[in-house]
**Student:** 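Sharing a structure below in structure tokens format, with a few things to ask.
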Amino acid sequence: RYLFPVCRPAPDEQGLTLIPAFDDDDVDLGPLYSRDTTLSGERRVRLLGPLFEQRVATNGRTVKSLRPLFTRSVEADGKDNRTDLLWPLATSITRGKEATSRFGTMYFADFDTTDPKSRWRLWILPVLLTGRDAGGIGYFGIFPLFGRVREVLLFEKADFFLFPLYAHTSREGQETTEVLWPMISHTEAPGVLRARFFPFYGRTVRPGISESMFLLWPLLTWAKYVQ
């Protein structure tokens, strides 16, 4: 390890010349400048303490940081990268053909940047939801006023109007209609039927498995299970 940058003699066709030893040697100038190898094998350069840092991993991945303003990492093949600006305010990520970016509560994703008809989404939470689903169907919603959206949270489809006045959702074959959520609800799915007018009445039936009901919850509840 060298405390200061040094030069060393190196032979060439002309004889001995002096070249800087920056490529192979560690340098430590305190908080002003340092260059070393981490325990994981990364080559690292730092300026002004933690403000500027550059690292190169053994697999070719590079990371450059100007804290707290900017950090960028790039994989060796250049196809995967990530950029953070004033983290966690803004982030941009590219993985192969897929690109995502976020600024505050605004989120954008393009699932195939090489295909102009690919699946994409733009959300400005919790108000705007728009995009195109995997089937090529476009959607749009302004929450809670109105909307017919796709692939949001755990739902394949979600329609709403003046939520919580009305909502209808679809998930893995389960269709649920809500009115004045969470008071009135009706669900149909393969193997289950559920109705609720909370807290006055509710009933769930799973044919051949179980049946349950409540009246004036939690005063009266009832359940039956098929052995």
Side-chain angles (χ1 to χ4, degrees), residues 1-116 118-132 134 141-143 149 151-154:
R1 173 179 290 273
Y2 292 82
L3 181 61
F4 298 100
V6 298
C7 294
R8 63 166 178 256
D12 61 16
E13 295 179 356
Q14 305 297 326
L16 294 177
T17 59
L18 294 179
I19 61 172
F22 290 131
D23 290 339
D24 301 322
D25 304 313
D26 292 348
V27 177
D28 189 349
L29 297 180
L32 297 180
Y33 175 84
S34 67
R35 184 179 66 248
D36 58 9
T37 301
T38 67
L39 294 176
S40 61
E42 292 181 324
R43 288 295 290 170
R44 178 175 62 182
V45 174
R46 289 181 290 184
L47 293 172
L48 299 177
L51 294 183
F52 173 81
E53 181 175 353
Q54 176 174 303
R55 303 194 309 272
V56 180
T58 55
N59 63 0
R61 177 174 178 264
T62 61
V63 178
K64 296 181 181 180
S65 300
L66 181 60
R67 299 182 177 94
L69 302 178
F70 169 88
T71 296
R72 178 172 173 82
S73 64
V74 181
E75 298 298 329
D77 59 8
K79 296 180 180 180
D80 297 350
N81 61 75
R82 175 183 178 124
T83 303
D84 294 307
L85 297 175
L86 292 173
W87 188 90
L89 178 63
T91 299
S92 175
I93 300 174
T94 299
R95 293 190 179 96
K97 296 179 180 181
E98 182 176 337
T100 62
S101 57
R102 179 186 55 79
F103 183 83
T105 63
M106 182 177 70
Y107 171 78
F108 175 79
D110 186 342
F111 293 86
D112 188 348
T113 56
T114 65
D115 182 3
S118 70
R119 175 184 173 214
W120 65 274
R121 63 174 59 133
L122 172 62
W123 298 351
I124 304 178
L125 300 175
V127 179
L128 177 66
L129 302 158
T130 186
R132 182 168 51 228
I142 299 179
F143 189 83
V149 298
E151 300 173 345
V152 174
L153 300 178
L154 299 177

**Student:** Using a cut-off of 6.0 Å, state whether more than 12 heavy atoms not belonging to Phe70 lie near its atom CZ.
**Tutor:**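 It does: Phe70 CZ has more than 12 such atoms within range.
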**Student:** Measuring from Asp112:CG to Glu98:CD, what's the distance to the nearest 0.5 Å?
**Tutor:**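 It is 9.5 Å, given to the nearest 0.5 Å.
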**Student:** Do Trp123 and Arg121 have side-chain heavy atoms sitting under 4.5 Å apart?
**Tutor:**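 In contact.
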**Student:** Taking the side chain as every heavy atom from C-beta outward, state whether Glu53 and Val63 have any pair of such atoms under 4.5 Å apart.
**Tutor:**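 Not in contact.
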**Student:** Let me confirm one number: the CG-CG distance from Leu69 to Leu85, rounded to the nearest 0.5 Å.
**Tutor:**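 Rounded to the nearest 0.5 Å, the CG-CG separation comes to 8.5 Å.
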**Student:** Considering only NZ, NE, NH1 and NH2 on the basic side and carboxylate oxygens on the acidic side, decide whether Arg132 and Asp110 come within less than 4.0 Å.
**Tutor:**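 Salt bridge absent between Arg132 and Asp110.
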**Student:** If I take atom OG1 from residue Thr62 and atom CD from residue Gln54, how far apart are they, to the nearest 0.5 angstrom?
**Tutor:**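 It is 7.0 Å, given to the nearest 0.5 Å.
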**Student:** Surrounding CZ of Arg67 (heavy atoms of other residues, nucleotides or ligands, distance under 6.0 Å), is the total greater than 12?
**Tutor:**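 Yes, the 6.0 Å shell around CZ holds more than 12 heavy atoms from other groups.
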**Student:** For the CZ atom of Arg46 and the CG atom of Leu32, what is their distance to the nearest 0.5 Å?
**Tutor:**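 It comes to 12.5 Å.
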**Student:** Can you tell me if Thr91 uses its side chain to pair, donor with acceptor, with the backbone of Arg102 under 3.5 Å?
**Tutor:**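 No; judged by distance alone, with no hydrogens or angles, the pair does not exist.
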**Student:** Any chance you could lay out the side-chain contact (heavy atoms from CB on, under 4.5 Å) test for Phe108 and Trp120, step after step, and finish with the verdict?
**Tutor:** CA-CA 8 Å; Phe108 175 79; Trp120 65 274; 3.9 Å; yes
**Student:** Would Arg43 and Asp26 count as a salt bridge (Lys or Arg N to Asp or Glu O under 4.0 Å) if you check the C-alpha gap in whole Å, the side-chain angles of each, and the deciding distance to 0.1 Å?
**Tutor:** CA-CA 9 Å; Arg43 288 295 290 170; Asp26 292 348; 3.0 Å; yes
**Student:** Check this for me: does any side-chain nitrogen of one of Asp80 and Arg95 sit under 4.0 Å from a carboxylate oxygen of the other?
**Tutor:**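 No, no charged N to carboxylate O under 4.0 Å.
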**Student:** Tell me, with the steps shown, if Ser73 and Arg82 meet side-chain hydrogen bond (donor to acceptor under 3.5 Å, both in side chains).
**Tutor:** CA-CA 5 Å; Ser73 64; Arg82 175 183 178 124; over 6 Å; no
**Student:** Out of curiosity, Thr37 OG1 to Arg35 CZ, how far, rounded to the nearest 0.5 Å?
**Tutor:**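 It comes to 9.0 Å.
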